[in-house]
Amino acid sequence: MTVVKSTLPDDARRVAGDVLQQTLVDLLGLSLVGKQAHWSIVGPRFRSIHLQLDEVVDTARTFSDTVAERAAAIGVPPDGRPETIAASFNLGGPKVGWVRDSDVVQMVVDALETAVKRLRERIRATDEADPVTQDLLIAITADLEKQRWMFDAENYPHEEG
């Protein structure tokens, strides 16, 4: 049942709705991962990375709200319930306990890189279905790529292996 009437044709609404739901799960999960790392990081770069993690969390939370509202606007009820995130999220996260600063940085780089790859696939999927949703995904991608770059620079030079 659609409570909110969509301006999109049903097929386009389904495509955009699926993409928005997947993105919502990634963003909410990323905010939780970032906060957990924020609380458990240790090491000589604790303070700077601790603060930088809050930027990722704020970005993910802000965009998750925008994504959920876009879904609602096109007649798709967003699902950000804890059980949905727990069942669907798979970007990875920190281990239990204290986590070394360099390990936190690499974990965030990897999670952001995976999120960006998925967003780029979703951008392609919404090309014809819903350019408005596509535009939102492009903006999210740009911001997450910036966050990834900033974290990646933290571990330079990368260990060769």
Is the shortest side-chain heavy-atom distance between [X] and [Y] below 4.5 Å?
X	Y	result
L24	L20	no
L27	I140	yes
R118	T114	yes
R122	Q22	yes
L144	L30	yes
V33	L91	no

Report yes or no: do [X] and [Y] belong to one cluster of Ile/Leu/Val/Met/Phe/Trp/Tyr joined by side chain heavy-atom distances under 4.5 Å?
X	Y	answer
V76	V15	no
V57	F89	no
L112	M150	no
V116	F63	yes

(request) Could you give me the CA-CA distance, side-chain angles and deciding distance for D103 and M107, then say whether side chain to side chain contact (heavy atoms under 4.5 Å, CB included) is met? (result) CA-CA 6 Å; D103 293 337; M107 182 266 311; over 6 Å; no

Is it true that [X] and [Y] make a salt bridge, defined as a side-chain N closer than 4.0 Å to a carboxylate O?
X	Y	answer
K146	E55	no
D10	R13	yes
E121	K117	no

Taking all non-hydrogen atoms of both residues, which atom of [X] and which atom of [Y] are closest, and how far apart?
X	Y	value
L8	A129	CD2-O, 4.1 Å
A37	V104	CB-CG1, 3.9 Å
W39	W98	O-CZ3, 3.7 Å

(request) Tell me, please, which residues at least two apart from D11 pass side-chain hydrogen bond (donor to acceptor under 3.5 Å, both in side chains). (result)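 For D11 the side-chain hydrogen bond (donor to acceptor under 3.5 Å, both in side chains) partners, ignoring immediate neighbours, are R14.
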
Kindly compute the distance separating [atom1] ([X]) from [atom2] ([Y]), expressed to the nearest 0.5 Å.
X	Y	atom1	atom2	value
T126	L136	OG1	CG	9.5 Å
K5	T7	NZ	OG1	9.0 Å
D54	R61	CG	CZ	8.5 Å
I123	T141	CD1	OG1	3.5 Å

(message) Is it true that R70 and T133 share a donor-acceptor pair across their side chains at a distance under 3.5 Å?
(response) yes

(request) Consider only side-chain N and O atoms of Q106 and D110, and report whether a donor and an acceptor are under 3.5 Å apart. (result) yes

(request) Kindly check if the number of other-residue, nucleotide or ligand heavy atoms within 6.0 Å of CD (E83) is above 12? (result) yes

Please tabulate, for side-chain N and O atoms in residues 40-53, each donor-acceptor pair with protein atoms closer than 3.5 Å (sequence neighbours left out).
residue : atom : partner : partner atom : Å
S40     : OG   : Q36     : O            : 2.9
R45     : NH1  : E154    : O            : 2.5
R45     : NH1  : E154    : OE1          : 3.1
R45     : NH2  : N155    : OD1          : 3.0
S48     : OG   : R45     : O            : 3.3
H50     : ND1  : H38     : O            : 2.9
H50     : ND1  : H38     : ND1          : 3.4
H50     : NE2  : H38     : NE2          : 3.2

Exam field: side chain [X] to backbone [Y], donor-acceptor pair closer than 3.5 Å:
X	Y	result
S88	I85	no
S31	L28	yes
T84	G80	no

